[in-house]
Amino acid sequence: MFKPGELWPDTHGTPINAHGGGILFHGGTYWWFGEHKIEGEAGNRAHVGFHVYASENLVDWRDEGIALAVDDSPGSEIPGGCVMERPKVIHCPATGKFVMWFHLEPKGGGYSGARCAVAIADTPAGPYRYLHSLRPNAGVWPENVAEEDKRPLSAEEAAHLESLALGGAPFPWYPKHLCYRRDHEGGQMSRDMTLFVDDDGSAYHIHAAENNGTLHISLLADDFTTPAGRYVRVMPGRFHEAPALMKWNGRYFLFSSDCTGWSPNPTRLSVADSIWGPWEELGNPCIGNGAQMANSFESQPTFILPVPGKQDAFIYMADRWRPRNAIDGRHLWLPIVFKHGCPVIEWHDQWDLGVFDV
Ligand code: GAL
């Protein structure tokens with residue numbers, strides 16, 4: 001049974017510690033990667049690394065240890081105390097490697113770094129070898145802007161943008177078409193993120209860019225370790241975080257949250273016929289009472305798992321963050337059901353995979 005929001009013991013009885021996670025299905029086994037949190041507010045930063053668990057049935061999870069550990073050696077970009085969030089792992093058929101992407105904030109810089117980082121391994125559980133961090137698509141213009149908007153900022157525009165002192169939250173004065181031009185040379189910002197592999201084997205990095213104001217969807221190179229240099233801006237100025245993508249009946253559905261830090265908010269569902277867009281926002285996919293809809297059952301999305309071998313079966317994976325005592329953050333999984341062609345979520349105190357058989 002899945003018990004959303006309850007402590008979820010692993011096969012040794014220790015609560016699963018894999019927050020902001022994602023699942024790789026490989027060789028008949030599910031591999032769950034997530035942030036290993038420690039107690040207190042310190043737990044909002046990385047002190048251990050990414051934990052990995054394995055399961056054959058999605059309910060009973062074996063502790064497979066730390067897939068990518070923080071590294072305090074000289075020159076390391078992932079020392080204890082940096083921020084490492086939302087790891088996602090995919091398998092690359094071209095190289096045979098398992099490729100992990102995550103959100104990295106260098107130590108001591110708050111959330112201003114806005115970088116993503118990549119690590120690889122020969123086996124699903126790793127350990128993973130850190131490769132590099134980057135700001136995606138340096139020197140590349142987005143595909144879906146007009147030719148005349150493919151130009152760096154003028155000195156006046158740059159000064160104006162600087163004066164706004166943007167953080168990562170929505171304000172009415174947010175200039176929705178300046179930030180990507182500012183970041184063209186050095187690379188686009190990348191905070192909350194996910195990966196998605198399409199039916200044709202193409203892999204995409206979906207990340208909150210432009211001071212969180214706009215999501216970018218960026219194709220990965222054949223070895224999945226760098227961007228290929230093709231990307232679009234999605235819903236400029238709409239401030240989507242916590243992206244999670246699924247494909248159903250040939251359409252792409254994006255679950256994401258509003259930008260309210262660790263606090264939950266009404267989830268957003270968006271749809272597109274092509275991953276390159278155009279994307280259309282449909283509204284809140286959480287169906288319940290007012291409070292449940294306002295805080296999405298007290299959760300922010302992290303991943304959507306298509307259940308192999310079952311028709312129309314997807315699991316919404318989310319986090320109930322507890323920033324004052326990070327280790328107490330809860331995993332919340334709910335089945336996705338389809339209503340009038342839309343994937344939606346309803347509350348269940350407990351449920352099992354049998355819900356997909358009816
Ligand atoms: C949340 C996000 C977390 C983390 C946090 C920092 O919105 O889901 O992954 O980045 O913000 O405040």
Side-chain angles (χ1 to χ4, degrees), residues 5 17-23 32-38 40-51 68 78 81-89 100-117 133 135 166-171 174 188-195 205-216 235 238-245 254-268 284 286 294-304 316-333:
N17 195 342
H19 308 265
I23 289 184
W32 177 358
F33 300 85
E35 304 158 24
H36 180 105
K37 302 279 196 187
I38 64 166
E41 290 186 13
N44 297 318
R45 293 179 298 282
H47 298 280
V48 176
F50 295 134
H51 216 127
L68 178 67
I78 51 167
C82 72
V83 169
M84 293 165 67
E85 293 179 341
R86 296 182 175 270
K88 304 290 176 280
V89 173
M100 172 190 282
W101 284 63
F102 60 96
H103 172 195
L104 173 66
E105 295 293 344
K107 187 172 181 175
Y111 277 81
S112 62
R115 302 181 74 77
C116 51
S133 74
R135 281 261 186 118
L166 299 177
F171 288 102
Y174 174 77
Q188 300 294 323
M189 298 175 88
S190 181
R191 289 192 180 124
D192 277 9
M193 55 140 279
T194 193
L195 298 179
H205 176 220
I206 298 111
H207 58 100
E210 305 185 26
N211 292 82
N212 293 345
T214 304
L215 285 173
H216 287 187
M235 297 176 277
R238 283 296 294 144
F239 283 83
H240 292 257
E241 276 195 327
L245 197 64
L254 172 76
F255 288 63
S256 56
S257 80
D258 200 349
C259 280
T260 54
W262 302 108
S263 311
N265 53 59
T267 295
R268 297 170 181 180
N284 187 347
C286 301
N295 66 17
S296 307
F297 313 111
E298 227 188 308
S299 76
Q300 288 186 12
T302 183
F303 195 68
I304 295 175
Y316 165 84
M317 291 173 55
D319 295 285
R320 193 172 272 182
W321 301 116
R322 297 269 160 82
R324 295 218 178 109
N325 184 22
I327 198 173
D328 195 36
R330 301 301 173 87
H331 310 296
L332 185 141
W333 291 17

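The model shown is predicted, which means the values in this text are computed figures rather than measured ones. Residue numbers run from 1 in the order of the sequence given. Order of listing sets the numbers, starting from 1, for every ligand and every atom in it.
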ask   = Who passes side-chain hydrogen bond (donor to acceptor under 3.5 Å, both in side chains) against T194, sequence neighbours left out?
value = none
inquiry  = Just checking Y174 against F239, ring centres under 6.0 Å apart?
reply    = yes
ask   = In terms of the angle between their ring planes, are W32 and H331 parallel, tilted or perpendicular, with boundaries placed at 30° and 60°?
value = perpendicular
message = Can you list every protein residue that has a heavy atom under 4.0 Å from any atom of ligand 1, sorted by chain and residue number?
response = E85, R86, Y111, D192, E241, G261, W262, Q300, W321
message = I'd like to check the salt bridge (Lys or Arg N to Asp or Glu O under 4.0 Å) partners of R238; sequence neighbours left out, ordered by chain and number.
response = E281
ask   = With sequence neighbours excluded, what pairs up with H216 under the ring-ring contact (aromatic ring centres under 6.0 Å, His included) test?
value = H207, Y231
task = Determine, step by step, whether R86 and E35 satisfy the side chain to side chain contact (heavy atoms under 4.5 Å, CB included) criterion, reporting the C-alpha distance in whole Å, the side-chain angles of both residues, the deciding distance to 0.1 Å, and the verdict.
result = CA-CA 7 Å; R86 296 182 175 270; E35 304 158 24; 4.1 Å; yes
